[in-house]
2 protein chains.
Amino acid sequence: MRRLTQPGGKGSDPVTADQILQTAAELIDVDGVDAFSMRRLADQLGVAVTSIYWHIGGRDKLFDALVERLLGQMADLPSDGDNPVDHIASLARSQRKMLIDKQHLLAIAHERDRTPQLFLPIQQRLATQLSELGITGSDAALVLRAVQVHVISSAVMQFSAVRGAKHDEEDPSLWADAWPDRALVEALQSPTDYDAVFEYGLNALLAPLRDGMTDFRG
Amino acid sequence: MRRLTQPGGKGSDPVTADQILQTAAELIDVDGVDAFSMRRLADQLGVAVTSIYWHIGGRDKLFDALVERLLGQMADLPSDGDNPVDHIASLARSQRKMLIDKQHLLAIAHERDRTPQLFLPIQQRLATQLSELGITGSDAALVLRAVQVHVISSAVMQFSAVRGAKHDEEDPSLWADAWPDRALVEALQSPTDYDAVFEYGLNALLAPLRDGMTDFRG
DNA sequence: ACCTGAACACCGTTCAAGT
DNA sequence: ACCTGAACACCGTTCAAGT
């Protein structure tokens with residue numbers, strides 16, 4: 001198995017927990033979560049499996065630590081915007097971009113039921129923008145969570161969908177030949193444009209804010 | 001290990017592929033996907049593991065077949081509504097209800113990158129309603145997929161979120177004590193109401209349709 | 001046609017033992 | 001303080017062998 005980084009040249013120093021996490025993240029990024037195993041990680045580090053247990057403490061703890069790392073990175077998301085609504089949209093887009101970038105880690109967070117924690121890093125920034133729009137209290141909580149669920153859940157689903165795109169080919173025979181809307185059938189034949197779908201949903205979610213609407217429980 | 005159903009009393013008849021799938025579905029429903037293994041399934045059926053391989057052909061094929069089953073059930077979703085928009089909303093809600101009901105199978109479909117296929121069973125019914133609103137072609141495709149992504153991705157995310165609710169407790173110390181909006185902080189302390197978030201998003205997605213808006217690429 | 005046991009190559013984890 | 005090998009209990013899958 002190829003090495004991603006050289007093992008320390010001379011004295012073969014003790015491994016640190018940080019090195020283990022870093023290597024694990026790289027390994028997962030390159031080969032995917034499915035190919036990851038404690039033994040492969042140990043191989044990559046040039047160390048016995050059991051030594052990982054001493055430093056980190058098992059697969060669960062390791063993955064928890066990786067998710068924690070992801071949370072940390074999400075604290076520094078860039079954003080801009082001339083008004084609060086644009087600012088929220090911008091935040092949502094850069095959060096989505098980061099999650100897509102770290103898709104393997106997101107998948108891990110998802111399968112470990114940690115997705116709600118992904119709300120936290122930008123919750124306060126969203127709240128600030130909402131308060132400038134005069135949206136507060138439980139209304140603000142609802143909108144905030146709607147935006148977060150939109151961003152995160154569509155990111156979570158997108159990978160699965162994109163990886164499985166090969167299965168996504170529409171079978172035209174399912175549509176009666178007489179179906180009048182040829183343009184629709186054709187549009188459904190090409191793979192889903194998840195960026196466009198995300199933008200459509202985001203705009204819809206934020207439209208009430210632009211209109212200064214205040215009743216969020218239609 | 002307890003049996004979910006008795007093994008055939010007398011002649012110990014050959015197992016059928018259907019029995020295998022049925023038992024697998026029950027097992028997964030009760031104990032979750034993580035606890036599922038080919039060997040446990042074989043035990044449950046009172047049969048050697050290898051006989052499952054003869055009938056079905058391995059874990060992959062087995063899961064594929066289970067997902068196929070789910071797709072079949074989604075063809076008969078109930079729906080009503082006095083107008084096309086309400087009809088679409090009703091369809092979306094019953095699709096979501098079914099997915100939540102079969103959450104373990106949805107998780108399997110997700111991790112096997114089969115989520116796009118979940119679009120198919122109700123695609124045509126959505127298209128019919130949209131055409132009644134005068135929405136056709138690529139506009140219809142976009143709206144249709146936005147609705148589907150909303151339903152499925154929020155269902156996919158909800159399980160992970162609900163199962164992980166124990167980690168979802170907001171740490172109030174993260175909010176500066178001076179944060180003025182006490183009501184918001186309090187609202188964020190209680191667990192996310194995913195039904196409300198889903199409804200908020202669904203209404204937002206369908207609002208343009210109610211208003212007879214025709215520009216879907218804001 | 002249907003089922004079986006043995007075997008292979010993998011897992012994650014524990015633990016006593018080394019230095 | 002840090003690393004190790006041996007061992008345990010599990011996996012999914014293949015295959016030759018039975019009836």
Side-chain angles (χ1 to χ4, degrees), chain A residues 1-3 5-25 27-28 30-67 104 107-108 111-113, chain B residues 1-3 5-25 27-28 30-67 104 107-108 111-113:
Chain A
M1 188 192 308
R2 78 209 176 289
R3 284 228 149 64
T5 42
Q6 334 302 338
K10 51 160 60 169
S12 73
D13 334 69
V15 199
T16 69
D18 251 24
Q19 280 168 41
I20 295 177
L21 290 180
Q22 181 59 32
T23 307
L27 217 47
I28 288 170
V30 172
D31 295 330
V33 204
D34 289 351
F36 178 87
S37 77
M38 300 297 279
R39 289 174 142 102
R40 280 167 65 95
L41 174 58
D43 274 4
Q44 181 74 30
L45 287 161
V47 110
V49 217
T50 43
S51 126
I52 297 174
Y53 283 80
W54 194 91
H55 283 286
I56 306 273
R59 200 179 211 255
D60 263 30
K61 290 266 186 67
L62 176 77
F63 280 2
D64 279 349
L66 289 178
V67 171
H104 293 298
I108 290 178
E111 86 180 20
R112 300 178 63 68
D113 305 334
Chain B
M1 188 192 309
R2 78 208 173 292
R3 285 227 149 67
T5 42
Q6 334 302 341
K10 50 161 60 173
S12 72
D13 335 66
V15 198
T16 70
D18 250 25
Q19 280 167 43
I20 295 178
L21 291 180
Q22 181 58 33
T23 306
L27 217 45
I28 288 171
V30 172
D31 296 329
V33 204
D34 289 350
F36 178 86
S37 77
M38 300 297 280
R39 288 174 142 100
R40 280 168 64 96
L41 174 57
D43 274 4
Q44 181 74 31
L45 287 160
V47 113
V49 216
T50 43
S51 127
I52 297 174
Y53 283 81
W54 193 90
H55 284 286
I56 306 273
R59 200 180 211 256
D60 262 29
K61 290 265 187 67
L62 177 75
F63 280 3
D64 279 349
L66 288 179
V67 171
H104 294 297
I108 289 177
E111 87 179 20
R112 300 177 63 69
D113 304 333

query: Where does DNA chain C pair, written as one dot-bracket string 5' to 3', with Watson-Crick or G-U pairs under 3.5 Å, ( ) inside the strand, [ ] for crossing pairs and | for another strand?
result: ||.|||||...|||||.||
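Taking Ala65(A) as the reference, Leu21(A) meet the side-chain contact (heavy atoms from CB on, under 4.5 Å) condition, with sequence neighbours excluded. Partners of Ala25(A) by side-chain contact (heavy atoms from CB on, under 4.5 Å), not counting sequence neighbours, listed by chain and number: Leu66(A), Arg69(A). Taking Ser37(A) as the reference, Arg39(A), Arg40(A) meet the side-chain contact (heavy atoms from CB on, under 4.5 Å) condition, with sequence neighbours excluded.
Rounded to an integer number of Å, the gap from Leu45(A) CG to dC2(D) P is 15 Å. Between Gln19(A) atom CD and dC2(D) atom C1' the separation is 13 Å, expressed in whole Å. Protein atom CD1 of Ile52(B) is 12 Å distant from nucleotide atom P of dC11(D), rounded to whole Å. At whole-Å resolution of the value, CG in Asp31(B) and P in dC10(D) are 15 Å apart. Atom CZ of Phe36(B) and atom C1' of dC10(D) are 15 Å apart (whole Å). Rounded to whole Å, the distance from CZ on Phe63(B) to P on dC11(D) is 13 Å. Rounding to whole angstrom units, CD1 of residue Ile56(B) and P of dG12(D) are separated by 15 Å. Distance CH2 (Trp54(A)) to P (dG5(D)): 18 Å, rounded to an integer number of Å.
Rounding to the nearest 0.5 Å places CD1 of Ile20(A) at 12.5 Å from CD of Gln44(A). The distance from the CD1 atom of Ile28(B) to the CG atom of Leu41(B) is 8.5 Å, given to the nearest 0.5 Å.
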Can I get a per-line list of side-chain donor-acceptor pairs under 3.5 Å for residues 45-61 of chain B, giving both atom names and the distance, sequence neighbours left out?
{"residue": "His55(B)", "atom": "NE2", "partner": "Val15(B)", "partner atom": "O", "Å": "3.0"}
{"residue": "Arg59(B)", "atom": "NH2", "partner": "Phe36(B)", "partner atom": "O", "Å": "3.3"}

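Within the 4.0 angstrom heavy-atom criterion, base atoms lie near Ser51(B).
Side-chain contact check for Ile108(B) versus Arg112(B): some heavy-atom pair is nearer than 4.5 Å.
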Scan nucleotides 13-17 of chain D against the protein and return all N/O pairs shorter than 3.5 Å with their distances rounded to 0.1 Å.
{"residue": "dT13(D)", "atom": "OP2", "partner": "Tyr53(B)", "partner atom": "OH", "Å": "3.0"}
{"residue": "dT13(D)", "atom": "OP2", "partner": "Arg59(B)", "partner atom": "N", "Å": "2.8"}

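Under 4.0 angstrom from either OP1 or OP2 of dC3(C) there lies at least one side-chain N or O belonging to His55(B).
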